[in-house]
Amino acid sequence: MQDQKYFGQDRSSLTGFAINPLNRLSERRHEQPFIDTLIAAPTTRTVIFSGETPVLRQNGNEYGAYFTFAEAHEIGSAGEVAFLGLDGEDALFATLIEEETPENSQARGDIARVDLRSIATQGLVSVPVIGALAQAKSLLYWHKRHRFCANCGTLTLVSSAGWKRDCPQCQAAHFPRTDPVVIMLVQQAEHCLLGRQPIFPAGLYSCLAGFLESGETIENAVRREVFEEAGLPIGKVEYFASQPWPFPASLMIGCMAEALDDRVTVDGLELEDARWFSREEVKQMLDKTHPLHFSAPPKLAIANLLISSWASNEWR
Ligand SMILES: [Zn+2]
């Protein structure tokens, strides 16, 4: 068993999708007889994804995400199956079924397809189950998009309980991918910089962010992105917390960054506006009491943790 002593103790555990107490047993995934025993056990359950959408059991206002494999087969023809981990003593798997179409939508009345963002925002299932759904979503998305060998184009075969795909032709091994994104709260003196993308809801300002590129450190990715989007030179960068972000398979790496200048030049492409905010103003944005109706991202996003920690001066 992995040591649970530090579980939930770090800052990252304050972010949405981060609480996932499953014991992944990564060291035993390659043991097929062991995995077969888990699959056959009567207490084993699976979460189900219809394409990228979780399938939930609905009973009035009560929702559940765990099904038996027999139920999963009833709901849709199963594609890839992956072992997520042990939930206490019981094994939990993830099953991918076909996407909902007009032909297959006459499913059972107690089944609902609900997107993961809504499940998390509305708290339809418990926090640890939301973490398991996030793990399943990113992993199944990878299967759905990476069925053929990137080296030779042959259809690959699932192995290691759903954590690997092997090419029978060129023997290449393919592993699930996670895409790192840096997200940073830029500060100078008593102000922080927040920006708006054109797609944001009216009045919403958030941290700047961007994908980490090949051959780049986290610190240099932060400096490059802030300079690209806001024209600001950045000095010191400190790691703050991270967050699994299953849209579709990112890891958000939250940082605090110190600006060496205060003259903002918005690129006009990724950002339509970026400006400096005081602690007081940021607190109003978090409380939704800002006089101009500016707001900050919801608690689900790591940007909320970065912004609120800075606003209350609690981050050091
Ligand atoms: Zn191949």
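Remember, it's 1-based here, ligands and their atoms both numbered in the order they're listed.
Distance alone, capped at 3.5 Å, places no donor-acceptor pair between the Ser160 side chain and the Trp163 backbone. With hydrogens and angles ignored, the 3.5 Å screen pairs a side-chain donor or acceptor of Glu71 with a backbone N or O of Thr68. Checking side-chain atoms of Thr156 against main-chain N and O of Arg147 turns up a donor-acceptor pair under 3.5 Å.
Using a 4.0 Å cut-off between a side-chain N of Lys or Arg and a carboxylate O of Asp or Glu, Arg275 and Glu281 do not qualify as a salt bridge. Residues Arg117 and Asp115 are not paired through a salt bridge, judged by the lack of any N-O separation under 4.0 Å between the basic side chain and the carboxylate.
Of all protein N, O or S atoms, those under 2.8 Å from the Zn ion (ligand 1) number 4.
Ring geometry for Phe247 against Trp245 counts as perpendicular: the plane angle is over 60°, on a 0 to 90° scale with 30° as the lower cut.
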